[in-house]
Amino acid sequence: MKKIKLLDVTLRDGGYTNNWQWGKEDIGTVLGALKQSKVDIIELGFLRDAAQNEEKSVVFNSIDSANKLLAKHGITYAAMMIEHGKVNLENVPSYADTSGQVKLLRVTIHKENIAAGVEFSQKLIDKGYDVSFQPTAVSSYSIAEYVDLIQQVQKMRNLYAFYIVDTFGAMYRSDVLLKFNIANDMLEDEVVIGWHSHNNLQLSYSLTTTLITEPTNVSNRTFMIDASIFGIGRGAGNLNIEIIIGALNAMEDRYHVTPLLSVINIMKKYDFGYDVPFYITAKLGLHPTYGLFIKDNYPDMEMPIMYKIMKAIPESEKIEYDQELIEKLSKDWLGKA
């Protein structure tokens, strides 16, 4: 690799465990630890038209308010995530009209909205931002669909990054390498390729080190890795940043892990990590929230029943979470038990 960058998603992806209500003190403590660790990029949270309490939350409705918080902690380059369809483009100022801390906008797009997502992302680029194009649930794409996706991505000018996002934590080594190599072959060298994993199958670390060491013909490519403190994240969680730092520092001593270890107790307040419901959602290619629903509402459900319920989810409902469906299936199956 030309260069490896490490992007921390603790506050944003970890926010699924607490509805992004970290509290003012913990937000500041985590930002301070991340700055001291020398991680390359910090993702602060979500940019949405509808904000939460901005003193306690990391969901913002303006880049200006996010910039003020980042400036307070001396952070000069940061990322925020935008879910396509949840932000009015008119509410995003030109980068030149901001104080500059939020520079990287990471745009998540569902499969059915790729063309609209490309157009939306290009407009953000034209406003002066670095933009990362992040199609969700890449494991659900056939090879033909994936090639078509990248052909659409190729239409964008000055794209900063393209991400392989394993939303369901369902990818194995062969699939990850294949999709990385396709993206590497098709995208211009200047485009960063990113990797966002979930740990449903306990493979985040293994797959990440595979991507660091095994792809060929990548001498001019920058590779970006998403990770979080203690692996905090939705459901089974993410790649542990303190662990991957060990592997990266063995190659080049760049990051400081001690500040991150000092805030792990904050992460331990919240419920996340490997559990059987998340293994089942990954195995069946389901949105992880199906597993969360059963875990939260039926903690004593027998595993074979749990598997049968989730296996009954039709193909058309796998990628987008449908709470009414999982409620009905659960009640129907429990009535039979």
Please check if the side chain of N113 supplies one atom and the backbone of I109 the other of a donor-acceptor pair under 3.5 Å.
-> no

Would you check if the side chain of Q154 reaches a backbone N or O of M186 as a donor-acceptor pair within less than 3.5 Å?
-> yes

Within the side chain of E242, is there an N or O that forms a donor-acceptor pair under 3.5 Å with the backbone of F230?
-> yes

Hey, does the side chain of N199 reach the backbone of L239 with a donor-acceptor pair shorter than 3.5 angstrom?
-> no

Determine yes or no for a side-chain-to-main-chain donor-acceptor pair under 3.5 angstrom, with D130 supplying the side chain and Y160 the backbone.
-> no

Is N200 reaching over with its side chain to a backbone N or O of F278, donor-acceptor style, under 3.5 angstrom?
-> yes

Could you tell me whether a side-chain N or O of N249 sits under 3.5 Å from a main-chain N or O of Y255, the two making a donor and an acceptor?
-> yes

Cut-off 3.5 Å, side chains only: do Q21 and N19 have a donor facing an acceptor?
-> no

Give a yes-or-no answer on whether the side chains of T10 and D8 include a donor-acceptor pair shorter than 3.5 Å.
-> yes

Within 45 degrees of the axis of the six-membered ring of Y141 and under 6.0 Å from its centre: does K179 put its NZ or CZ there?
-> no

Validation row: H73, L69 side chains within 4.5 angstrom (heavy atoms) = yes

Going by atom types alone, do H287 and T289 pair a side-chain donor with an acceptor below 3.5 Å?
-> yes

Would you please name every residue forming a ring pair (Phe, Tyr, Trp, His ring centres under 6.0 Å) with Y163, sequence neighbours left out?
-> none

Of all residues at least two apart in sequence or in a different chain, which pass the salt bridge (Lys or Arg N to Asp or Glu O under 4.0 Å) check with D271?
-> none

Kindly work out whether a path of hydrophobic side-chain contacts (I/L/V/M/F/W/Y, heavy atoms less than 4.5 Å apart) joins I244 to M224.
-> no

Backbone of P288 reached by a side-chain donor or acceptor of T281 within 3.5 Å = no

Connected via hydrophobic side-chain network under 4.5 Å: I125 and F162 | yes

Looking at side-chain heavy atoms only, is the closest gap between I280 and I294 below 4.5 Å?
-> no

Side-chain heavy-atom pair K35, T76 within 4.5 angstrom cut-off = no

Side-chain contact test, heavy atoms from C-beta onward, threshold under 4.5 Å: evaluate it for W20 versus S57 and give yes or no.
-> yes

Co-membership, hydrophobic cluster, residues I114 and I143, 4.5 Å side-chain = yes

Distance, nearest 0.5 Å, that separates OG of S132 from CG of L104 = 6.0 Å

Is it the case that more than 12 heavy atoms not belonging to Y95 sit under 6.0 Å from its OH atom?
-> yes

Short side-chain donor-acceptor distance under 3.5 Å, Q134 and H196 = no

For the pair D226 and R12, find out whether any cationic side-chain nitrogen is under 4.0 Å from an anionic carboxylate oxygen.
-> no

Is the closest side-chain heavy-atom distance between T208 and Y205 below 4.5 Å?
-> no

Can E119 and K123 be counted as an ion pair, charged N to O under 4.0 angstrom?
-> yes

Can you tell if the side chain of V92 reaches within under 4.5 Å of the side chain of L47, non-hydrogen atoms only?
-> yes

State whether the side chain of N238 and the backbone N or O of S228 hold a donor-acceptor pair below 3.5 Å, judged by distance alone.
-> no

Sidechain-backbone polar pair: K295 side chain, D275 backbone, donor-acceptor under 3.5 Å = no

Within 6.0 angstrom of K127 NZ, more than 12 heavy atoms from elsewhere = yes

Give a yes-or-no answer on whether the side chains of D40 and Y77 include a donor-acceptor pair shorter than 3.5 Å.
-> no

Got more than 12 heavy atoms from elsewhere within 6.0 Å of CD, E188?
-> no

Partners of Y290 by ring pair (Phe, Tyr, Trp, His ring centres under 6.0 Å), sequence neighbours excluded?
-> Y321

With the 4.5 Å side-chain cut-off for hydrophobic clustering, are L7 and I82 part of the same group?
-> no

Over 12 foreign heavy atoms within 6.0 Å of NZ, K111 | yes

